[in-house]
Amino acid sequence: MKHIKAVIKPEKLEDVKVALKNVGCYGVMVKEIEGHGQQGGIVQQWRGEKFELDLLPKISIDVVVKDDEVDKIVQAIISNAKTGSDKGEGKIFVYNVESVIRIRTGEEGESAV
Amino acid sequence: MKHIKAVIKPEKLEDVKVALKNVGCYGVMVKEIEGHGQQGGIVQQWRGEKFELDLLPKISIDVVVKDDEVDKIVQAIISNAKTGSDKGEGKIFVYNVESVIRIRTGEEGESAV
Amino acid sequence: MKHIKAVIKPEKLEDVKVALKNVGCYGVMVKEIEGHGQQGGIVQQWRGEKFELDLLPKISIDVVVKDDEVDKIVQAIISNAKTGSDKGEGKIFVYNVESVIRIRTGEEGESAV
Amino acid sequence: MNVEMAIDTLWVLLSAMLVFFMNLGFASVEAGFARSKNAVNILSKNFVVFAVSSLGFLLLGWGLMFGGNHPFVGTQGLFILGGNIDESIYTLTANVPFWAKFIFQLVFCGTAATIVSGAVAERIKYLSFIIFSFVLTLLIYPIVGHWIWGGGFLASLGFQDFAGSTVVHSVGGWAALAGVMVLGPRFGKYDHNGKTKPMPGHNMPMATIGLFVLWLGWFGFNPGSTMSMSNPADVSHIFMTTNTAAIGGILSSTILSWTYLGKPELGMTINGCLAGLVAITAGCAYVDILSSLVIGAIAGILVVFAVLMFDRLQLDDPVGATSVHLVNGVFGTLCVGLFARAGVTSLSPASGLLFGGGFSLLGRELFGILAVAAFVFPSSLLVWYLIKRTIGIRVSLEEEIAGLDLGEHGNSAYPEFLSRKPAYSAIVSDGAESIRIREVSANETY
Amino acid sequence: MNVEMAIDTLWVLLSAMLVFFMNLGFASVEAGFARSKNAVNILSKNFVVFAVSSLGFLLLGWGLMFGGNHPFVGTQGLFILGGNIDESIYTLTANVPFWAKFIFQLVFCGTAATIVSGAVAERIKYLSFIIFSFVLTLLIYPIVGHWIWGGGFLASLGFQDFAGSTVVHSVGGWAALAGVMVLGPRFGKYDHNGKTKPMPGHNMPMATIGLFVLWLGWFGFNPGSTMSMSNPADVSHIFMTTNTAAIGGILSSTILSWTYLGKPELGMTINGCLAGLVAITAGCAYVDILSSLVIGAIAGILVVFAVLMFDRLQLDDPVGATSVHLVNGVFGTLCVGLFARAGVTSLSPASGLLFGGGFSLLGRELFGILAVAAFVFPSSLLVWYLIKRTIGIRVSLEEEIAGLDLGEHGNSAYPEFLSRKPAYSAIVSDGAESIRIREVSANETY
Amino acid sequence: MNVEMAIDTLWVLLSAMLVFFMNLGFASVEAGFARSKNAVNILSKNFVVFAVSSLGFLLLGWGLMFGGNHPFVGTQGLFILGGNIDESIYTLTANVPFWAKFIFQLVFCGTAATIVSGAVAERIKYLSFIIFSFVLTLLIYPIVGHWIWGGGFLASLGFQDFAGSTVVHSVGGWAALAGVMVLGPRFGKYDHNGKTKPMPGHNMPMATIGLFVLWLGWFGFNPGSTMSMSNPADVSHIFMTTNTAAIGGILSSTILSWTYLGKPELGMTINGCLAGLVAITAGCAYVDILSSLVIGAIAGILVVFAVLMFDRLQLDDPVGATSVHLVNGVFGTLCVGLFARAGVTSLSPASGLLFGGGFSLLGRELFGILAVAAFVFPSSLLVWYLIKRTIGIRVSLEEEIAGLDLGEHGNSAYPEFLSRKPAYSAIVSDGAESIRIREVSANETY
Ligand SMILES: Nc1ncnc2c1ncn2[C@@H]1O[C@H](COP(=O)(O)OP(=O)(O)O)[C@@H](O)[C@H]1O
Ligand SMILES: Nc1ncnc2c1ncn2[C@@H]1O[C@H](COP(=O)(O)OP(=O)(O)O)[C@@H](O)[C@H]1O
Ligand SMILES: Nc1ncnc2c1ncn2[C@@H]1O[C@H](COP(=O)(O)OP(=O)(O)O)[C@@H](O)[C@H]1O
């Protein structure tokens, strides 16, 4: 099984969520993170002093899926996470998962995904 | 070494935390996440318009442990995270960890866990 | 490619961030987590009742890098995350990453890191 | 000591303070009902708008409103700042010193301007709002005020609006409606099927604090409009009708929300209370206690349906200001024609339809409502439109998405609190279009 | 102009506004002391309760309280809504118009009902609370009020409670205590070893704002209870005793919290201030300044121990309302018997034990306290119990855990802020039982 | 009924309530401008400080201020608690009962103490602050007050400060400045290149609520300082100059912030409004409306530059209290010498430089400013220094980093909200030093 982590812009969460449902991926974990990559920060000011928040709000959306579903899901994320701007569109990372257990039933492996 | 990530209901955090301590697992990382799996969402309303929050608050609790402790810990989590309801009890994911370093001492490997 | 996760004290975030930039690592993901390891908790009180928050605020800072950069970056983190206290300085965990995809371009692999 | 003047002045200044304090009430309700990313902006608007109104009313507004009894506009003693003031030419004749009269009228003027703030929230340019407010308080409000309270043609006709359901609330309401139409809805508020996306207020405790302050303020707004304590029974009566209408609004909106919308929503009951207060404002000195309960209760029902209706019409008013102030300002003024009872206080000269007065008063009230609408709505539209064509009226889509606090003020309301942005998910859930595509359509609104 | 009536009316209406404003204070303190998941519910309760009280007092309460001087209950002119009012039959004889008297008494009645709100917070059904409040303000409060302020038997006996330590605060307090007992504690508040789990208030700034508003409101509550400005020195004296008792309460509770509990907790000092204010309410017109400092200081100590004691008894009062209002309402009334000094104001006829008056006054105060307790506590218990047996009193355990805001109102107080739910961890930390098991026990409370 | 006394007492007590209510305003502005980890501490300080001031003023302060007309300090009837009060020896001669006078003066005294609270926020020990406040209100404030309002030498010289730009605001400001200097800046505020690290306020809505409350309170502060309604025109005039200066401050600070700092920051416009109010306080009864607009506008500009200047001097004042109260307290007092116009109210005896009065009044004002500075600043320095050398003045670095709420009170302002700590990132961004190293330097401040 694989763990797919996508770091996307917050405003695309809804689209990506819907897309994931459409390709049959029901379990997701969503986290608010702050990140920086190539995109610039946000300038604020306080009593005349300007400062930059170089960490921008991003959403990390994590799904654990069967090995053969990875491509389909990565494609679904890519095509739904684009906003058309040229920076900060995000990235997808894929990890190996050694085992998955469903707490309610205790069942383990692909059927627990 | 293995990384065990358990996604559980927030109200079971305390139980799971205590159980982990009891089986000798002291280091934990806790995050508030939002997830959805098989459990339904929460309906709210605003000015007569109903809407559903399909992402429910969950707790992700992560521990990194020695290889031979995995089973014991997974069991401890399973038996303490159950609430008795039939949905949304959560899941456990196990990953491989290539190395662990303790920042204070710089020591690496199992002794740093 | 490797995923390096460092759990550090919040007050060292800025130092570590700068250090990571200095060694050429631009993409980061930052999360507020709560953790406990060897460090004790914070005592609060409410209407005379004392209680301890045994989970302390920590920062998890995650970077995905090329295989040959791992050592350099781990070193950079270690030397910048120390506060000089004897507990709760944090840990670094290293995971394997199977693939990385840049959403904007769709490019995959090391060049996407 | 001129004892009577001392007492009246004390009462007028106390009432002015209470109405002034409504600025805090409006700021809290509006900011609480909006999203956190726009809170600083809304607070700033409610804050600067009183400064701008004060300036506008001081420069010219007062003169236009009370400068002689020309039927349409004040023409005498227009500019009061700096010069010597000849009190005798002004048509406001309370037994209090000039500046006490001025302050009392000023805080009402400021209220009208504040009403607009909530309706246009979360997408209007700060500067454009400031300019509109200035025009509103310099020109539009004082002219209507003159007609009704300054000895103009509606006053001569016998149109009655004791404390301003029309003068203040529906003037503010019409101006707000025009603004809402010129501005267009917030990005993502209605999807392409016309379905409303809920955008819940970010801080209900703050909104509730605001509600209580507004309610308190109304005890200056209505009873204070006697501008005198010479008849304590009148003042007490007005105090009582005001409070009773408020509770009527709370109870009916609570019951309606519970039965019709499923749950007793706090936001709806807050609006119900305000609706009752707005509706009783015109008639507070003319109706009896039981009538005030009925008026308030109807207002509490009207406001719930009005909120739903405006959303159906895709007129996006984030805080429900038009439902509260416009709809119930109009309704309350009509109620004078229905529920007035001559002699219920010493200030009540005529009876309405339900108390044997026939259609006469009702007709006059209706005429006044239409006259005010016919002036305020188009002239506000014009001003909003001119602003749109010159300096622009709406922030960029990027800024709207990121929040006006960052864009307009460089500030963040709660820089330390981690927040989810539920708005974001609403924004793009209606399918595959990209933000760029919608940006075009957002510019095309209206 | 009837100058004296004008002045007195101005003073009474101003005081009524201040006491009305205490609704905001109670709402803020109570919501701030509770958990965020219940904030909308608490605010809604504090908001609707005033509407319900107004209705109850208008329908029947006023008449029961002031309708003639039967020893136990008002019997004349009971219904005032809609009819003609014959002022001469009422026993409240201030020199102000009828509706001014009514409003002034109404806001006191509303306060008694609001006190209950905080004690039963975080688990009571919204509807059940509304019904109880209606009964309290329609029947229970007016009857006690009649005994003491309406010419009933305690008034005849010479029982003295100037501004309502007993009439308002301990009536509210007894009703609250009965509610707490019938409801049972919040889920997870006490573990099976009887240990208290702290559930800290979620918003201390809001609680502090509320405190200041309450303190301000008390300047209407106590000095306003003269219902006249004919003796300015009396009013000023009462203002001063009120403030001095408040600071006494702050100082003593701060010192006690610091020395005895380890740190000067903000929550405790807020309660200390309120305790001082409640305690001086009965005697504010009867004691001298130094005594008021002493009374306040003792109250600030009492409240700290009362909070600890109620928790030890597993009587779960989330905001400490019983400790503040019941304990100090009783204590304050006793203080009249101890600290009163005849002649300290023109309103003070008798001296207490410490100022040479012997046990007479003290005895009468004690008798009054017991009479009120003997009526209010059992009748409240009965009403609560009837509600429990009919529509139910407590939300389901699921709803309690998820929060009443979602369950009762479909709202969320702060939908954008990310929050941890510290309550959750407290809930199940005492071992291995599952929620289902405890659900049963929660249903079995009382 | 002594009608005149009744009216005056009503007015004085109303004004006292409004000024009392400023405690809420200060608490909200200060807590909103600080970081969330210190909110409980700031609220506690603003809360306890009024208790301490009341005690100090009651024990000795009143006597020192008004006890006879010795040029430098009150010497008669010093202790009023408990004893019999001989009103004839006091120099405050308003036509109201003794305790009304006392309360009115007390709330002013409390205000001076509250000003200090904001400037020393986020690092001072709770106990040390309490002790300083006690000394300030027991000794320092009353002595200056005696000079100017109690019949002392500045009063004899004809120094004019109608409502306290000097007596209250600059006294509080000097004491605050001394505290800031003895304390040193917050950890991490200035890096080793002297660059200021922004530490944005954590809750702007709360700060804005506070602002409106302060503005309201000022309508008691200034008009109330007549202590009489015998001349209603004077009171109304003062009300108007007060409001006009406030809006002048808002408008000019908004424009300046927009053009000079890039955006119209809410924090700056809040300070601009307060600056206008502080600046008009001395001259509110002496200048005409146009002058009040000009004074307010200049104050709004001054405060922006003052904030930047104090940061450049590394005098770390988290809420800008010195910029608002000290700088504009001094400026406002000078304005009396510039803008006063004899006869503009019945209280205005002399004209200033710009209205043909020559340099005489200006000279006297300048002298008074210097005299007050020469006494308050060094004596405050001394008290702060003594506190530092005995019980210590500053919390430990660990506590400062974790927040004073935990360290001083064991509380957390918002225990359920997840927060980032933006302060942390600012703290250590300037390079490689560890916290330990800086800890030393933090201990070495001043
Ligand atoms: N190498 C990396 N390691 C960890 N996180 C990364 C990495 N690269 C990107 N990210 C995360 O992804 C987000 C988007 O990356 P960014 O470089 O801005 O996208 P793009 O490459 O499309 O411009 C960043 O804010 C950061 O949180
Ligand atoms: N395949 C998955 N990938 C990622 N997260 C998952 C997955 N399945 C479940 N989860 C997470 O676990 C939580 C609980 O899962 P759920 O399916 O509701 O449990 P159960 O199977 O016991 O009903 C979800 O809210 C989600 O966050
Ligand atoms: N084995 C582990 N698994 C998961 N998280 C851990 C583990 N060990 C430490 N941590 C995380 O790292 C943080 C710091 O660890 P700690 O043991 O306090 O550091 P140190 O070893 O330097 O004293 C903890 O708060 C916890 O979140």
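All chains are named by letter (A, B, ...) in the order of the sequence lines, taking the proteins before the strands, and each is independently numbered beginning at 1.
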Before accepting this row, confirm whether a basic side-chain N of the pair [X]/[Y] lies closer than 4.0 Å to the acidic partner's carboxylate O.
X        : Y        : result
D:Arg394 : D:Glu400 : yes
D:Glu87  : D:Lys101 : yes
D:Glu416 : F:Arg35  : no

Short side-chain to backbone donor-acceptor contact, [X] and [Y], under 3.5 Å:
X        : Y        : value
D:Thr137 : D:Phe134 : yes
D:Asn38  : D:Leu404 : yes
D:Thr111 : D:Val107 : yes

Less than 4.5 Å to any heavy atom of chain F: does that hold for the side chain of [X], its backbone, both, or neither?
X        : result
D:Phe98  : neither
D:Tyr414 : both
D:Ser54  : both
D:Met17  : both
D:Ile42  : neither
D:Ile80  : neither
D:Ala100 : both
D:Leu81  : side chain
D:Leu18  : neither
D:Asn23  : both

Exercise. Answer yes if the ring centres of D:Phe108 and D:Tyr141 are under 6.0 angstrom apart, and no otherwise.
Key: no
Which of [options] touches chain D most, by non-hydrogen pairs under 4.5 Å:
options                                : result
F:Val235, F:Thr208, F:Thr254, F:Asp8   : F:Thr208
F:Thr244, F:Asp288, F:Ile270           : F:Ile270
F:Ile250, F:Leu266, F:Val3, F:Asn243   : F:Leu266
F:Ala233, F:Gly262, F:Pro205, F:Ser230 : F:Pro205
F:Leu14, F:Ile209, F:Leu293            : F:Ile209

Practice problem: Using distance alone, with no hydrogens and no angle criterion, decide if F:Asp234 and F:Thr226 have a side-chain donor and acceptor under 3.5 Å apart. | Solution: no
Quiz prompt | Winner by heavy-atom pair count (cut-off under 4.5 Å) against chain F, out of D:Leu24, D:Asn2, D:Thr9 | solution = D:Leu24
Quiz prompt | Top of D:Leu106, D:Val52, D:Leu127, D:Val96 for chain F proximity - count of heavy-atom pairs under 4.5 angstrom | solution = D:Leu127
Quiz item: What are the two closest non-hydrogen atoms of F:Lys197 and F:Gly188, and how far apart are they?
Solution: CG-O, 3.2 Å
Practice problem: Identify the heavy atoms of F:Gly300 and F:Ser252 that sit nearest to each other, and give their distance. | Solution: CA-OG, 3.3 Å
Quiz item: F:Phe339 vs F:Phe355 aromatic rings, parallel, tilted or perpendicular, using cut-offs 30° and 60°?
Solution: tilted
Exercise. Quick one: pull up CD1 in F:Ile301 and OG in F:Ser257 and give me the separation to the nearest 0.5 Å.
Key: 12.0 Å
Self-check item: Interface moiety of F:Phe417 toward chain D, non-hydrogen atoms closer than 4.5 Å
Solution: side chain
Quiz item: Given that the side chain runs from C-beta out, which part of F:Trp215 has a heavy atom under 4.5 Å from chain D: side chain, backbone, both or neither?
Solution: both
